[in-house]
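Just so it is clear: chains get the letters A, B, ... in the order the sequence lines come, proteins before strands, and each one is counted from 1.
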Protein chains: 2
Amino acid sequence: MEDLSHSEENYLKAIYNTTQGEIETVSTNELADKMNTKASSITDMVKKLSDKKLVKYKKYKGCSLTPEGEKSALKVIRKHRLWEVFLVDKLGFGWDEVHVIAEQLEHIRSVKLTEKLDEFLEFPKYDPHGDPIPDRDGNLELRTKMVQLNELEVADVAVVIGVADGNPSFLQYLDQNKIQLGTELKVLDLFDFDESVRIGMGERELNLSKTAASKICVERLEK
Amino acid sequence: MEDLSHSEENYLKAIYNTTQGEIETVSTNELADKMNTKASSITDMVKKLSDKKLVKYKKYKGCSLTPEGEKSALKVIRKHRLWEVFLVDKLGFGWDEVHVIAEQLEHIRSVKLTEKLDEFLEFPKYDPHGDPIPDRDGNLELRTKMVQLNELEVADVAVVIGVADGNPSFLQYLDQNKIQLGTELKVLDLFDFDESVRIGMGERELNLSKTAASKICVERLEK
DNA sequence: GCGTATTTTTAGACAGGACTAAAAATAGAA
DNA sequence: TTCTATTTTTAGTCCTGTCTAAAAATACGC
Ligand SMILES: [Mn+2]
Ligand SMILES: [Mn+2]
Ligand SMILES: [Mn+2]
Ligand SMILES: [Mn+2]
């Protein structure tokens with residue numbers, strides 16, 4: 001229950017993010033890639049977190065979070081996403097700029113600060129990238145109706161509700177093409193040969209590569 | 001010019017704060033006291049900062065900031081005070097609660113964040129304790145007309161413009177006695193035997209110990 | 001100016017976090 | 001199944017920042 005270091009929090013967050021969905025365990029190398037560090041550093045830290053009962057770890061078998069560890073990770077994620085909302089909504093940052101700054105702010109230790117910030121932002125449910133913000137108890141909304149744009153059929157109508165990649169260059173690409181959260185679109189064509197997709201948004205039409213389309217998260221609308 | 005660690009920034013700030021005014025140099029032990037650390041730690045860090053040309057240091061003679069070091073210190077102080085304004089004005093914290101949180105926020109590295117925050121707060125000149133906020137170039141207003149309350153004469157009228165002590169228990173004492181920045185007061189009596197002072201504020205009258213009075217910073221008004 | 005008290009520095013240790021290189025375990029192909 | 005390629009762990013090193021204990025320098029009373 002004692003405070004965790006910035007580093008420990010970053011590891012927990014990375015483990016959380018890579019063990020979402022069906023994947024129940026993350027390998028040492030995969031984590032090393034995600035965190036831009038070396039496998040040996042991962043082993044060291046995972047051992048430490050395992051001693052603290054925040055991570056389940058079997059040598060050579062990868063790791064996952066314990067319920068305790070998940071709680072800690074979600075606290076950090078809550079702060080990260082709240083700060084992102086603050087930076088975009090209150091300070092006027094672009095959604096492509098806030099992640100790196102929130103990486104620092106997420107480590108500020110003050111429960112009262114987090115709760116006051118939440119209130120100041122009027123209890124936002126989603127961050128600027130469409131990711132749900134855990135409540136103070138660590139409950140996270142499941143986005144059951146969310147699908148990737150490339151999974152739609154021709155003539156489907158949908159609204160953008162998230163992005164699967166926070167990379168600034170991808171977000172700037174979306175900005176340039178005037179795609180943002182809330183943008184409504186219709187699938188005009190699906191091209192088999194490269195799995196690209198043509199969408200219409202109001203008057204505009206646009207081709208998206210499979211790569212791009214797979215990173216845009218949408219919810220189907222009644223057509 | 002590379003980034004400084006949290007620890008290095010804290011040392012620079014502490015050196016800045018203890019070498020204000022006539023005092024031109026701070027001793028190793030004094031700094032150790034202020035920072036709740038040991039003299040040997042001070043020596044180590046001061047050597048390092050001296051290598052980086054941020055601190056002037058002669059063995060056994062104490063240390064002070066170089067112009068470079070002062071610039072760095074003022075950047076941290078600027079962030080500290082801006083965050084304090086944010087916490088009080090926007091989030092509704094009490095002035096007794098914000099110092100510890102700002103101790104963390106002051107280390108967030110993003111020039112753009114600092115400038116956007118400044119703008120969002122509408123370019124405040126003073127923090128919640130009446131301390132002037134350095135501008136982006138590190139220029140700091142000198143509060144030439146500021147005196148301690150215990151230096152006033154009987155019948156002097158003055159307005160509270162700052163506190164010389166950020167200790168929460170002192171600030172809470174002021175809260176309880178409804179003394180805040182902007183409070184106007186008149187000196188009713190000075191008591192020689194213990195140097196305490198009796199002040200009037202509107203209908204209210206109040207005795208202040210010398211200790212308390214010396215920590216309240218005021219500006220004389222035309223009586 | 002001398003000798004003691006105090007301050008400051010040095011030496012050595014330790015904990016956290018990261019890295020390299022080498023060793024061990026596992027996975028996969030033949 | 002056996003041999004090799006890949007993954008993972010271990011061993012040893014380094015850097016930062018801190019501490020304790022010992023040594024050195026300074027300050028000061030007489
Ligand atoms: Mn982080
Ligand atoms: Mn986000
Ligand atoms: Mn600080
Ligand atoms: Mn302040």
Open item on the list: How many whole angstroms separate atom CD1 of I42(A) from atom P of dT20(C)?
Closed with: 13 Å
Open item on the list: Would you say S41(A) places a side-chain N or O within less than 4.0 Å of OP1 or OP2 belonging to dC19(C)?
Closed with: yes
Open item on the list: Just N and O in the side chain of K59(B): are any of them under 4.0 Å from OP1 or OP2 of dT10(C)?
Closed with: yes
Task: Rounded distance (Å) that lies between atom P of dC15(D) and atom NZ of K52(B) - done: 14 Å
Task: Pi-cation contact, Y173(A) with K215(A) (under 6.0 Å, within 45°) - done: no
TODO: Compare side-chain N and O positions of Y57(A) against OP1 and OP2 of dT9(D) and report whether any pair is under 4.0 Å apart.
DONE: yes
TODO: Find the distance D44(A):CG to dA11(D):P and express it as a whole number of Å.
DONE: 11 Å
Open item on the list: In whole Å, I'd like the distance from the NZ atom of K47(A) to the C1' atom of dT8(D).
Closed with: 10 Å
Task: OP1 or OP2 of dA18(C) under 4.0 Å from side-chain N/O of Y11(A) - done: yes
- [ ] Answer with yes or no whether the side chains of S169(B) and N167(B) bring together a donor and an acceptor at under 3.5 Å.
- [x] yes
Task: Nearest listed nucleotide, side chain of T37(B), among dA18(C), dT9(C), dT18(D) - done: dT18(D)
TODO: Consider the side chain of M45(A), meaning its heavy atoms from C-beta on, and name the nucleotide among dT9(D), dT9(C), dA18(C) that approaches it most closely.
DONE: dA18(C)
Open item on the list: Check this one for me: any side-chain N or O of S40(A) less than 4.0 Å away from OP1 or OP2 of dT20(C)?
Closed with: no
Task: Contact under 4.0 Å: S27(B) side-chain N or O vs dT8(C) OP1/OP2 - done: yes
- [ ] Tell me yes or no: between the side chains of S196(A) and D194(A), is some donor less than 3.5 Å from an acceptor?
- [x] yes
Open item on the list: Tell me whether the side-chain N/O atoms of N29(B) come closer than 4.0 Å to OP1 or OP2 in dT6(C).
Closed with: no
Task: Nucleotide dA24(C), atom P - distance to OH of Y60(A) in whole Å - done: 9 Å
TODO: Check if the side chain of T43(B) and the base of dT10(C) share a donor-acceptor pair of N or O atoms closer than 3.5 Å.
DONE: no
Open item on the list: One thing to verify: whether R78(B) and E115(B) come together as a salt bridge, which I'm taking to mean a side-chain N less than 4.0 angstrom from a carboxylate O.
Closed with: yes
Open item on the list: Rounding to an integer number of Å, can you tell me how far L4(A) CG sits from dG16(C) C1'?
Closed with: 14 Å
Task: Nucleotide dT16(D), atom P - distance to CG of D51(B) in whole Å - done: 11 Å
Open item on the list: Checking contacts here: which listed nucleotide (dA27(D), dA18(C), dT8(C)) is nearest the side-chain heavy atoms of K61(B)?
Closed with: dA27(D)
Open item on the list: Contact between T43(B) and Y57(B) at the side-chain level, heavy atoms closer than 4.5 Å - yes or no?
Closed with: yes
Open item on the list: Rounded to whole Å, please give me the gap between NZ in K58(A) and C1' in dT8(D).
Closed with: 16 Å
TODO: Report the nucleotide, chosen from dA18(C), dT8(D), dT8(C), that has the shortest atom-to-atom distance to any side-chain atom of T28(A).
DONE: dT8(D)
